[in-house]
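What follows is one structure encoded as structure tokens, with my remarks underneath.
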2 protein chains.
Amino acid sequence: MNTTEISESPSRQRRKEARPAELMAAALELFVERGFTATKLDDVAARAGVSKGTLYLYFASKEELFKAVIQQGILPVLDQGEEMLSQFQGDAGALLEAMLLRWWEMVGSTHLAGITKLMISEAGNFPEVAQFYYENVIVRGRGLIRTVLERGIASKQFREMDVETAIDVILAPQMMFTIWRHSLGPCDCGKQDPEAYLKTHMNLLLNGLLTGEKKK
Amino acid sequence: MNTTEISESPSRQRRKEARPAELMAAALELFVERGFTATKLDDVAARAGVSKGTLYLYFASKEELFKAVIQQGILPVLDQGEEMLSQFQGDAGALLEAMLLRWWEMVGSTHLAGITKLMISEAGNFPEVAQFYYENVIVRGRGLIRTVLERGIASKQFREMDVETAIDVILAPQMMFTIWRHSLGPCDCGKQDPEAYLKTHMNLLLNGLLTGEKKK
DNA sequence: TACATTACTGACCAGTCAGTCAGTAAAAAC
DNA sequence: GTTTTTACTGACTGACTGGTCAGTAATGTA
């Protein structure tokens, strides 16, 4: 009743290199849609265009597949974020906006965005993966924003503030927006477009963060 | 290996009135911890101190139990919020803070907080329940904040703003904080206490919302 | 004490799905 | 063309779990 299929590819193909990435992509989609336990490996394999047996050639178990989806998917984004931070020339406000936009392009608007919801849903069932995610995604991600804020405070562009809470206030709307699209989003189709949302969000934020006279 | 037990109550008891609430409470806890599919009805029954057969005396199916947990749990809170809004005397800033604090007392600090995470995780698998939750919780909840903001704008305490986005910016950190406690929370035990967090959050917010000179 | 009612139990059944492995066919080696 | 290698398949199995129901015991009634 619920089985996903591709129903193409008349004959069997041998593509050892491409399989793992294709399987992880299929798994990510289904894990995000249905959750880990509710996702059947037959469906993952079918969506990737192979049989379940093939899946087991590349991943030792369902849990290993889950770990691979989380780890392989998100780490490159953090690397790139840290790279960007070290390169950027310009004031802290522009940097903050650039980073959030970049995040939207690389994660928010792609399938990777679902990892946020997936990790939140499944953290309780996979404490070790949750620990990994916390140390390698949450801590590093917050570190990026912390650096921007501290740079802005040092240059007097931002006022003094409780930096850790400010990080929450900056990130939470982004996270919620992302989570929304993969959960209750389908219930309200009249949601505005992401870039406009981000601009308005930034405007509201900066007017709470900037030291000088309020702008706009 | 994973079965939850109570291992008390030597003899069988007959308590028709109390069973449904006890079963829903047990179900909420386990659904939040493990997700809907990963939760076994044997475990729910065991945690409520009854056998699985008893569960089926009060709920027609696992899905009906899920619906009951969501619907019975959260609706009274919205009623009370609307009641409070209509009674409150005072400026909009104080009202906003009072409402967020109230929400923390009634939901955030209780087991009900888990419903947020649960609904986000399972929305994809239960579109009808998601629709119900959207219309009866999300829409009504946002309506509460919208009223407060509009009252503040009318009285010139708050500046002109994009109200819908402002609602997101206000609610998102609260939601994320709640979700956090039921997902990755155990990974960072050094999290600050909720009331201090709420105060700091409000301070950051108001300085972006208020029309006059910045306070503090 | 005898009988009736019903909340409750837990063994059971039927369906599901993670994981296996003997077999197949595509590519490579000769 | 023949043989070898190996990526891939899908029928199968065993464990698990949602849902059932004949039976049990607590409570009420006389």
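Naming convention: chains lettered A, B, ... in sequence-line order (proteins, then strands); numbering from 1 in each chain.
- Both K16(A) and F36(B) sit near DNA chain D, but only K16(A) has its closest nucleotide nearer the 5' end.
- Checked against ring-ring contact (aromatic ring centres under 6.0 Å, His included), F132(B) has no partners two or more places apart in sequence or in another chain.
- Evaluation of atom-type donor-acceptor distances gives a pair under 3.5 Å for the side chain of K52(A) against the base of dA18(C).
- Of the residues in residues 59-69 of chain B, those with a non-hydrogen atom less than 4.0 angstrom from any atom of DNA chain D are S61(B), K62(B).
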Report, as a single string ordered 5' to 3', how protein heavy atoms within less than 4.0 Å touch nucleotides 25-30 of chain C: B base, S sugar-phosphate only, - not at all.
SBS---
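- Atom CD1 of I70(A) sits about 5.5 Å away from atom CE of M119(A), to the nearest 0.5 Å.
- In this structure, the side chain of K117(A) engages the main chain of H182(A) through a donor-acceptor pair within 3.5 Å.
- Summarising the geometry of V169(A) relative to P173(B), their closest heavy-atom pair is CA-CG, 4.2 Å, with the distance given to 0.1 Å.
- Using modelled atom types, one finds no donor on one side chain facing an acceptor on the other under 3.5 Å when comparing T37(A) with T37(B).
- Geometrically, K62(B) engages F36(B) in a cation-pi contact, judged by NZ or CZ lying under 6.0 Å from the ring centre and within 45° of the ring axis.
- Within the 4.0 angstrom heavy-atom criterion, only backbone atoms of the sugar-phosphate kind lie near L41(A); the bases stay farther away.
- When all heavy atoms are compared, the tightest approach of P76(A) to G73(A) is CD-O, 3.9 Å.
- Remark: R140(B) does not engage E135(B) in a salt bridge, criterion side-chain N to carboxylate O under 4.0 Å.
- Listed here is the closest heavy atom pair of A113(B) and G108(B): CB-O, 3.4 Å.
- Shown here for Q13(A) and R19(A), the closest heavy-atom pair between the two residues is O-NH2, 2.9 Å.
- Note that the two end axes of the helix from dT1(C)-dA30(D) to dC30(C)-dG1(D) enclose an angle of 10°, each drawn from 5 base pairs, rounded to 10 degrees.
- Across all non-hydrogen atoms, the minimal contact from R151(A) to F88(A) is NH1-O, 3.9 Å.
- The ring-ring contact (aromatic ring centres under 6.0 Å, His included) search around W104(B) returns F177(B), not counting sequence neighbours.
- A nucleotide of DNA chain D counts as in contact with chain A when one of its atoms lies under 4.0 Å from a heavy atom; the first and last such, 5' to 3', are dT6(D) to dG10(D).
- Here the closest non-hydrogen pair linking S183(A) and P186(A) is O-CD, 3.3 Å.
- The nearest whole Å value for the distance from the CG atom in L55(B) to the P atom in dG10(C) is 14 Å.
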